[in-house]
Novice: 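After the structure tokens below, expect a handful of questions from me.
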Amino acid sequence: MTDHDQISRRTAVTAVAATAALLPFAGAATAHAQGAADQDSFFRHGVASGDPLPDGVLLWTRVTPTASATPGSGRGPATEVSWQVASDKNFTSVVARGNLTTAAASDHTVKADVRGLHPATHYYYRFTVDGQHSPVGRTRTAPAPDTAAGNIRFGVVSCANWESGYFSPYRHLAARTELDAVLHVGDYLYEYKSGEYPEFKYVVRPHTPAHELLTLADYRIRHGVHKTDPDAMAMHATHPVIAMWDDHEFADNAWKGGAVNHTPETEGPWSARMAAAKQAYFEWMPVRPSIAGTTYRRLRFGTLADLHLLDLRSFRDAQAKPGSGAVDDPSRTITGRAQLDWLKSGLERSDTAWRLVGTSVMISQVAFGAVPAKLLGPLAEILGIPKEGLAINTDQWDGYTDDRRELLSHLSDRGIDNTVFLTGDIHMAWANEVPLQAATYPADPAVATEFVVTSVTSDNVDDFLHVAPHTLSLAGVAAIKAANRHVKWLDMDSHGYGVLDIDARRTQMDYFGISDKTDPNATSTLLRSYLTRSGSQQVERADQPLV
């Protein structure tokens with residue numbers, strides 16, 4: 001077994017047409033939509049918005065101009081699309097409008113970057129083709145840069161594997177109409193062939209296409225399928241989504257020159273596959289391309305918070321062999337020089353109360369100590385560590401210690417406080433303090449905090465073991481916490497989402513779990529609430545969840 005074989009299943013611990021009835025503001029978002037897509041509709045993939053600014057937002061839809069113009073087909077005529085933004089859902093007060101043309105070259109996706117709107121304001125939008133209106137979407141602009149908003153609130157999600165279950169966390173977030181936006185911190189979809197992850201006998205609903213994604217058409221098709229999920233459609237139609245990618249938008253454990261789940265001899269050049277995946281992502285997601293055509297960018301929410309979003313796949317070097325000294329090699333990078341300098345500069349110049357950093361993989365240092373043998377296999381599958389023993393996960397910042405040391409030293413040396421990392425990837429929920437040196441914590445204090453959300457559906461420990469949740473994993477939780485005193489809470493088994501609330505005094509994450517990822521009507525329950533107080537760089541359990 002090769003080193004790559006040992007970590008190949010890390011995987012990030014690794015469409016019915018939308019209608020107004022799906023939308024929370026229409027009063028029925030909590031009902032799970034059933035039935036087939038409306039084959040007569042131009043708008044079979046719903047609507048979405050993203051990347052809110054104080055004066056604007058990006059609007060998205062996909063048009064099906066003819067029956068044969070399915071995602072990835074390359075078929076269908078150029079089509080003129082109009083869009084409207086209104087202050088009311090009945091569109092009696094239209095505040096912006098425009099026209100554009102879409103065609104097969106962009107897979108008939110549509111993006112309108114609307115400006116001239118008012119800050120911190122809800123708007124409604126729709127698209128029109130040949131007199132037929134799309135579903136109505138609801139969005140919200142960011143606060144003005146110099147405005148001291150009382151609070152801002154985000155849903156936070158990660159790791160949504162279609163085959164592993166239903167996206168009910170999205171439905172529960174759609175029902176929370178007080179959110180300013182939803183932050184998706186990566187693995188919006190998975191590239192695997194059907195039955196590879198999870199095994200065929202545990203597949204809840206099969207992938208389309210059934211084979212592994214390799215070409216532009218493949219990635220377009222699977223994005224299209226995800227945009228037909230009724231819960232995803234409801235979330236996108238109700239809130240602006242701020243998205244960043246991780247590895248599975250490309251392939252497992254992707255890096256700038258390849259991936260664990262890519263074989264050039266049989267699958268072609270990695271550069272072609274990554275370019276295809278990026279093109280499909282920018283076509284199908286309500287995201288503005290930023291520096292060098294990546295997803296690293298910065299959004300501001302009044303004087304409360306700057307949100308720095310990272311791209312940890314386009315510039316990183318290959319993952320080191322677990323347990324090797326290469327993890328400390330200063331020539332190896334997870335961010336690339338330009339992105340790390342951009343992040344350090346942005347954190348130092350920030351004049352907001354909080355500095356939020358979306359990092360698709362965990363930055364907190366993790367040592368594993370003694371974990372029961374029964375858990376070695378599942379944890380190795382999830383964390384990408386050798387099955388013969390526990391070591392660091394070299395796909396995380398643990399595998400690029402020089403970059404992490406430089407970033408955390410920058411926070412410490414410059415006295416930059418109130419930095420909160422927001423993370424997904426590992427199919428577990430964590431609340432961490434982030435020390436400069438974990439070995440000397442708490443004598444050397446933390447310089448930041450980190451909230452990690454669990455997966456929407458992707459397998460975690462109890463799924464790999466096929467046991468009841470919170471049984472066998474409890475020994476692993478105890479061992480990890482004992483070896484890592486900066487880890488204040490860890491849940492290895494739940495699926496769900498987070499709700500993050502920021503005000504001048506504190507940043508709080510409420511962690512929610514769903515009852516059953518295989519049940520399209522799964523309920524949601526609060527698991528825990530943790531907060532970090534301004535100036536503390538510490539995590540503590542909150543007395544009560546957000547109202």
Side-chain angles (χ1 to χ4, degrees), residues 15-29 33 38 41-65 79-102 106 108-143 155 170 173-182 184 227-228 230-243 282-288 299:
V16 299
T19 64
L22 276 174
L23 305 183
F25 56 81
D38 179 1
S41 174
F42 288 118
F43 302 100
R44 301 176 189 178
H45 299 88
V47 297
S49 67
D51 282 5
L53 303 173
D55 67 338
V57 69
L58 188 70
L59 305 182
W60 178 94
T61 193
R62 200 266 177 178
V63 174
T64 305
T79 304
E80 185 174 354
V81 185
S82 63
W83 55 265
Q84 294 177 313
V85 177
S87 58
D88 66 305
K89 63 184 177 182
N90 295 318
F91 290 82
T92 58
S93 179
V94 174
V95 298
R97 65 178 78 228
N99 296 278
L100 46 79
T101 300
T102 187
S106 61
H108 287 100
T109 57
V110 177
K111 285 186 175 181
D113 199 347
V114 181
R115 300 299 173 93
L117 304 179
H118 294 298
T121 301
H122 279 111
Y123 289 97
Y124 301 87
Y125 62 94
R126 67 186 179 190
F127 299 86
T128 305
V129 172
D130 288 347
Q132 182 185 114
H133 297 309
S134 73
V136 175
R138 172 182 178 267
T139 191
R140 182 172 175 81
T141 52
Y170 294 166
L173 287 173
R176 298 193 63 140
T177 56
E178 86 281 10
L179 300 180
D180 290 277
V182 172
H184 203 298
K227 288 296 195 299
T228 65
D231 295 332
M233 295 170 91
M235 177 186 70
H236 279 294
T238 310
H239 305 299
V241 170
I242 302 167
F282 284 121
E283 288 170 346
W284 280 87
M285 296 295 290
V287 168
R288 294 185 186 91
L299 298 171

Novice: How about Lys227 and Thr109: do any of their side-chain heavy atoms sit closer than 4.5 Å?
Specialist: no
Novice: Heavy atoms only: give me the nearest Ala174-Thr238 pair and the separation to one decimal.
Specialist: O-CG2, 3.5 Å
Novice: Is the shortest side-chain heavy-atom distance between Arg138 and Thr177 below 4.5 Å?
Specialist: yes
Novice: Would you compute the distance between atom CD of Gln84 and atom CZ of Arg126 and round it to the nearest 0.5 angstrom?
Specialist: 4.5 Å
Novice: Could you report the tightest heavy-atom contact between Ser106 and Thr102, atom names first, then the distance?
Specialist: OG-OG1, 3.3 Å
Novice: Rounded to the nearest 0.5 Å, how far apart are OG1 of Thr139 and CG of Asp51?
Specialist: 10.5 Å
Novice: So how far is it from Leu58 CG to Arg115 CZ, rounded to the nearest 0.5 Å?
Specialist: 9.0 Å
Novice: For Lys111, is there an ion pair with Asp113 - N to carboxylate O distance below 4.0 angstrom?
Specialist: no
Novice: To the nearest 0.5 angstrom, please state how far the CZ atom of Arg62 sits from the CZ atom of Phe43.
Specialist: 11.5 Å
Novice: As an exercise, state the distance from OG of Ser49 to NE2 of His236, rounded to the nearest 0.5 Å.
Specialist: 9.5 Å
Novice: State, with a plain yes or no, whether a side-chain heavy atom of Leu53 is found less than 4.5 Å away from one of Leu299.
Specialist: yes
Novice: Return the minimal non-hydrogen interatomic distance between Asp88 and Tyr124, and the atom names on each side.
Specialist: C-CD1, 3.4 Å
Novice: Please say which of Val81, Leu100, Val136 ends up in a side chain to side chain contact (heavy atoms under 4.5 Å, CB included) with Phe127.
Specialist: Val81
Novice: Do Tyr170 and Val182 touch side chain to side chain, with heavy atoms closer than 4.5 Å?
Specialist: no
Novice: With side chains defined as the heavy atoms from C-beta onward, is the minimum distance between Gln132 and Ser41 less than 4.5 Å?
Specialist: yes
Novice: Give me the atom names and distance for the closest heavy-atom approach of Val63 to Pro65.
Specialist: O-CD, 3.3 Å
Novice: Please report the interatomic distance OG1(Thr128) to CD(Glu80), rounded to the nearest 0.5 Å.
Specialist: 11.0 Å
Novice: Does the side chain of Leu59 come within less than 4.5 Å of Thr61's, by heavy atoms?
Specialist: no
Novice: If you look at every heavy atom in Pro52 and Val57, which pair is closest and at what distance?
Specialist: CA-CG2, 4.1 Å
Novice: Would you call Tyr123 and Thr121 a side-chain contact if the rule is heavy atoms closer than 4.5 Å?
Specialist: yes
Novice: Do any N or O atoms from the side chain of Tyr125 and from the backbone of Trp60 form a donor-acceptor pair under 3.5 angstrom?
Specialist: no
Novice: Can you name the closest pair of heavy atoms from Pro54 and Pro143 and give their distance?
Specialist: CG-O, 3.4 Å
Novice: Step through it carefully: locate the ring centre of Trp284, locate the ring centre of His45, and say whether they are under 6.0 Å apart.
Specialist: yes
